[in-house]
Amino acid sequence: MSDDPYWNSGRTGEPSGRFSGGDPLVTDTFEGWWHASMDVVQRSWRTVGLILLIGVVLPRWVLGAFNNTVRTPDIDVNQTDWGTIVREYSPGVAVGVIGAILSLAVLYVSGSAALAAVRTAAAEAAGGFLALGEAFSFGFKRGGRFFLWLLLAWVTIAVGLVLCVLPGLWAIFALSLMAPAAVFEARRSPYARSIQLTHSAFWLALGRIVIVVLVAVAANLIISLVGLLLAGVWHAVFASWLATVLTVLTEAVMALLLLVPMIWILAASLCTYAWLRGRAESVSATSLSAEAAGVAVDPAAPGEPGHPTPPPSPESPNPPPPHP
């Protein structure tokens, strides 16, 4: 691998000593991973943010609005009969079925949007561009299969948290790279691949994923608490119908605020995936983007991993432009 522009033989560990640097996604050290994640945000926040706004924020807001307007009853605060409270709060079978269908639809659309966002960020890291329609077409094309894996992941996490907490925390860590795995390795199970990657460098990966999870939990907790506080104020001060309207509007604002950490979380997950794959394979932003697009990259082609771009000869310092 001596002619590889991305990887050099040498020592092992962290850093591995094999990475020569310069790639916008594939890194070797924690510092490089951090800067690469921030660069993804700086480079792709407009396109990725728009995809997440349409595919994640809006569906979640619709679901939240449904829960606030249909599932929230007017219960007398002086009511002490718990049987009455339970009957009043029960949304009914029809509302429950509609809510379950909406929740599954939101999971499918959000998962597809995550795939589209990862694909877009990778394409832009490689110097390309992906139109909004192309990104969503890619996401929804793979979203059906990914949706089933997401269901399995949510069940795994829920069961783990209920049984003993620690298995659920392990599942959150082990399954955190399912979206990039589904984007770049379509023929493999993103569920199993995420577990394999995160355990290939367990403690190093754990440190990075813990930061991502802490950012996600802190952002959701703070914004959710502010939303609940405001909703309580609206219901205490205004009439029921006006309080409901203000609560729905508050949900929209809170969802928009969550978009900011959401972009970085996606960028950090993408760079974590690229770092872990790069520890065992010769990959780059260019090869990952081509892999997602289903385009075979010739490793012998100049400029691709495994074959550096040859310098111009002294006789022709300005080579002719390539033919179209």
Side-chain angles (χ1 to χ4, degrees), residues 37-70 98-126 128-151 153-154 176-184 186 190 212 215-216 219-220 223-224 226-227 245 247-271 273 288-289 292-293:
S37 302
M38 298 305 296
D39 288 342
V40 171
V41 174
Q42 184 177 6
R43 183 191 310 114
S44 304
W45 69 269
R46 295 177 182 84
T47 51
V48 169
L50 182 59
I51 292 172
L52 296 178
L53 174 64
I54 297 174
V56 179
V57 173
L58 289 180
R60 288 180 59 178
W61 175 71
V62 170
L63 182 61
F66 173 81
N67 289 329
N68 283 325
T69 56
V70 178
I98 295 174
I101 294 175
L102 276 178
S103 299
L104 292 176
V106 168
L107 181 62
Y108 166 69
V109 174
S110 299
S112 300
L115 299 183
V118 170
R119 173 73 182 93
T120 299
E124 293 180 349
F129 173 77
L130 207 65
L132 185 64
E134 293 177 301
F136 273 109
S137 176
F138 173 88
F140 284 117
K141 182 179 179 180
R142 299 194 182 181
R145 182 171 178 267
F146 185 59
F147 169 74
L148 299 177
W149 289 115
L150 276 181
L151 284 179
W154 280 112
S176 59
L177 302 180
M178 284 180 58
V183 169
F184 301 113
V212 176
V215 170
N220 278 276
I223 293 175
S224 297
V226 172
V245 172
T247 300
V248 171
L249 293 177
T250 302
E251 287 278 348
V253 175
M254 297 301 105
L256 285 175
L257 291 177
L258 278 174
L259 185 62
V260 178
M262 200 181 299
I263 296 173
W264 180 81
I265 290 168
L266 184 138
S269 299
L270 170 60
C271 291
Y273 170 87
L288 287 174
S289 180

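As the structure is a computational prediction, the values presented were derived from the model and not from experiment.
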**OP:** Kindly determine whether I54 and F136 satisfy side-chain contact (heavy atoms from CB on, under 4.5 Å), including the steps that lead there.
**Re:** CA-CA 10 Å; I54 297 174; F136 273 109; 4.0 Å; yes
Subject >> Audit row: R142, S112, side chain to side chain donor-acceptor pair (under 3.5 Å) steps and yes/no >> reply: CA-CA 7 Å; R142 299 194 182 181; S112 300; over 6 Å; no
**OP:** Evaluate the side-chain contact (heavy atoms from CB on, under 4.5 Å) criterion for residues W61 and M254: first the C-alpha distance (whole Å), next the side-chain angles of each, then the deciding distance (0.1 Å), finally the verdict.
**Re:** CA-CA 9 Å; W61 175 71; M254 297 301 105; over 6 Å; no
**OP:** Under the side-chain contact (heavy atoms from CB on, under 4.5 Å) rule, what do C271 and V40 come out as? Steps first, then yes or no, please.
**Re:** CA-CA 9 Å; C271 291; V40 171; 3.9 Å; yes
**OP:** Show your working on side-chain contact (heavy atoms from CB on, under 4.5 Å) between L107 and L151 and close with a plain yes or no.
**Re:** CA-CA 9 Å; L107 181 62; L151 284 179; 3.5 Å; yes
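The shortest non-hydrogen separation linking A181 to Y273 is CA-CE1, 3.8 Å. Listed here is the closest heavy atom pair of F184 and S289: CE2-N, 4.5 Å. Heavy atoms only, all atoms of each residue included: E124 and F129 are closest at OE2-CD1, 4.5 Å. Heavy-atom minimum distance, V48 versus A117: CG2-O, 3.8 Å. The two residues G55 and V109 come nearest to each other via the heavy atoms O-CG1, 3.4 Å. When all heavy atoms of L150 and G111 are compared, the pair lying nearest together is CD1-CA, 3.8 Å.
Distance check, rounded to the nearest 0.5 Å: CG of N220 to CD1 of I265 gives 7.0 Å. In this structure, CD in Q42 is found 13.0 Å from OG in S37, a value given to the nearest 0.5 Å. The distance from atom CD1 of I98 to atom OG of S103, rounded to the nearest 0.5 Å, is 11.5 Å. Atoms CE and CG, on M262 and L256 in that order, are 9.5 Å from each other to the nearest 0.5 Å. The CG atom of L53 sits 12.0 Å away from atom CG of L258, with the distance rounded to the nearest 0.5 Å. Separation of atoms OH (Y108) and CZ (F140) is listed at 5.5 Å; rounding is to 0.5 Å.
Between V62 and V106 there is no side-chain heavy-atom pair separated by less than 4.5 Å. With contacts defined as side-chain heavy-atom distances shorter than 4.5 Å, the pair L50/R46 does not qualify.
Tested against L249 for a side-chain contact (heavy atoms from CB on, under 4.5 Å), the candidates V253, V245, T247 yield a single pass: V245.
Within a 6.0 Å sphere centred on CZ of R60, other residues, nucleotides and ligands contribute 12 heavy atoms or fewer.
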